Amino acid sequence: MTSVTEKEIKEQYLAWEAVLKDSQNGFKEFGDAVYRFDNSEFVFIGCGTSFYLSLSAAAIFQTVTGKQARAVPASDVFLFSDTIFSKNGNYLGIPISRSGETTETIWAARYLKEKLDIPTLALSCNADSKLVDFCDHKLIAAKAAEKSVVMTKSFTSMLLIIQLLSAIISKNKELLAELARLPVHGKSVIKNFENIAKNAAQNRDVDHLVFLGQGPYYGLASEAMLKMREMSLTFSEAYHSMEYRHGPISTLNENTLVVFLMSESSKTQEIKLLKEVKKLGAKTLVICENLPAAEKSSADYLVELESSLSDDARLVLYMPVIQMMGLYRALHKEINPDNPRHLTQVVVLD
Ligand code: F1P
């Protein structure tokens with residue numbers, strides 16, 4: 001029987017279609033608030049997948065709009081607020097949570113409002129949640145809501161919302177046109193690369209995964225690391241690609257699969273690293289727009305998206321491949337992807 005998780009991964013392009021439809025009103029409430037707080041720093045906040053989503057969201061928001069943005073884990077907002085907020089700064093807090101019920105994210109929103117007088121905009125899949133109820137403004141991605149414990153389509157759909165919002169605010173028509181093409185590309189990525197994801201995931205020699213990406217792709221690499229841990233209980237790590245040489249590379253061996261979430265901006269540097277890790281004996285998977293013919297032999301597994309989309313637009317296309325890897329590795333290890341060990345849909349604290 002198909003798991004709920006598998007269905008949600010494979011149908012996520014439909015949620016992207018729904019998000020694109022919703023964006024036609026310019027995400028009115030969210031967009032208006034962003035204009036109102038134009039001179040503020042935009043602080044994206046979340047836990048787990050929603051924190052990693054915040055990392056990519058902040059990076060892409062700043063790149064596209066030119067407005068200052070950063071991402072922080074919700075816990076740092078109330079435990080180490082001085083490391084984030086300064087007395088004279090203007091801020092807008094953007095807590096992200098699929099459930100809207102994660103305690104730390106609610107505590108962060110409350111701290112912003114009650115202790116720091118910072119306005120908040122919630123991004124969630126759940127309109128009837130404590131977080132949405134508490135925040136000053138909201139943006140709901142209802143069609144991205146999930147039944148499964150691990151977050152898959154909610155991650156990509158909420159990231160797409162931030163990409164669209166960034167394009168709308170900056171009146172970037174080219175980017176908007178590119179984003180409109182994502183559901184079609186997403187559908188074919190899921191169909192065309194399922195076997196590669198399955199083969200890479202089921203490689204019996206692999207017991208250690210390393211995910212590498214730069215800029216907004218680092219948030220994706222972090223989420224990929226989490227997916228492999230949550231779904232398939234496999235030891236996984238994530239780094240900025242060029243950071244990998246600075247120590248972490250020491251644990252690489254022939255049982256390591258190094259996965260490159262390669263962007264066009266960092267491709268030249270990442271290809272050098274690809275060759276190095278291959279030479280050291282690791283297995284490699286490259287997900288990229290396309291790889292020069294001379295470099296293809298360095299990739300044991302190769303996913304060429306060939307979307308003709310820019311780095312800023314292409315982001316979410318990488319994730320179905322990773323999510324399918326998590327799924328097939330779980331099934332291969334006879335782990336039920338709908339029932340991950342020690343995890344619940346929401347982390348609620350006293
Ligand atoms: C965040 C989260 C998930 C994680 C787990 C517990 O949830 O940390 O990323 O997979 O299921 O919750 P949310 O705040 O986005 O609802």
Side-chain angles (χ1 to χ4, degrees), residues 3-6 8-9 12 15 19 43-58 71-79 93-112 120-135 138-162 211 218-234 236 238 316 319 322-323 325-327 329-330 335-350:
S3 63
V4 173
T5 310
E6 178 168 352
E8 289 172 348
I9 292 170
Q12 65 190 298
V19 163
V43 183
F44 292 83
I45 298 161
C47 292
T49 290
S50 294
F51 169 53
Y52 299 136
L53 163 56
S54 297
L55 288 174
S56 289
V72 293
S75 44
D76 266 358
V77 171
F78 55 86
L79 294 176
I94 307 183
I96 301 179
S97 170
R98 168 180 66 175
S99 62
E101 297 292 345
T102 296
T103 306
E104 287 138 279
T105 312
I106 296 170
W107 284 353
R110 184 168 295 150
Y111 194 93
L112 291 183
T120 49
L121 287 169
L123 172 56
S124 178
C125 302
N126 183 5
D128 301 317
S129 60
K130 287 199 195 86
L131 180 73
V132 169
D133 196 38
F134 184 81
C135 287
K138 59 181 181 296
L139 205 170
I140 306 299
K143 297 267 169 37
E146 288 158 326
K147 290 201 182 77
S148 58
V149 173
V150 295
M151 293 172 67
T152 56
K153 72 170 176 176
S154 60
F155 175 87
T156 52
S157 303
M158 289 196 280
L159 181 54
L160 176 56
I161 287 180
I162 299 300
F211 294 93
Y218 173 66
L220 299 188
S222 303
E223 169 60 3
M225 171 274 291
L226 189 66
K227 284 299 81 98
M228 295 309 296
R229 284 182 181 234
E230 287 185 327
M231 295 173 87
S232 74
L233 309 181
T234 307
S236 311
V316 300
M319 293 317 290
I322 304 290
Q323 295 160 351
M325 275 177 71
L327 171 78
R329 195 163 169 89
I335 296 166
N336 177 357
D338 288 342
N339 192 16
R341 193 167 68 147
H342 306 323
L343 295 180
T344 47
Q345 238 215 2
V346 189
V347 174
V348 177
L349 308 176
D350 298 329

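On a predicted model such as this, the values are computed, not experimentally measured, just so you know. Just follow the structure's listing: the first ligand is 1, and inside any ligand the first atom is 1.
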Set of salt bridge (Lys or Arg N to Asp or Glu O under 4.0 Å) partners for Arg98, sequence neighbours left out: Glu146
Close residues (non-hydrogen atom under 4.0 angstrom from ligand 1) work out to Cys47, Gly48, Thr49, Ser50, Ser97, Arg98, Ser99, Thr102, Val149, Met151, Glu230, Thr344, Gln345, Val347
With sequence neighbours excluded, tell me which residues meet salt bridge (Lys or Arg N to Asp or Glu O under 4.0 Å) with Lys143. none
Residues Tyr218 and Leu55: closest non-hydrogen pair is CE2-CD1, 4.0 Å
Restricting to non-hydrogen atoms, name the atom on Ser148 and the atom on Val150 that form the minimum distance, rounded to 0.1 Å. OG-O, 3.1 Å
Taking salt bridge (Lys or Arg N to Asp or Glu O under 4.0 Å) as the definition, give me every residue that meets it alongside Lys153, ordered by chain and number, with sequence neighbours left out. none
For the side chain to side chain donor-acceptor pair (under 3.5 Å) test, which of Gln323, Gln12, Glu223 pairs with Thr156? Gln12
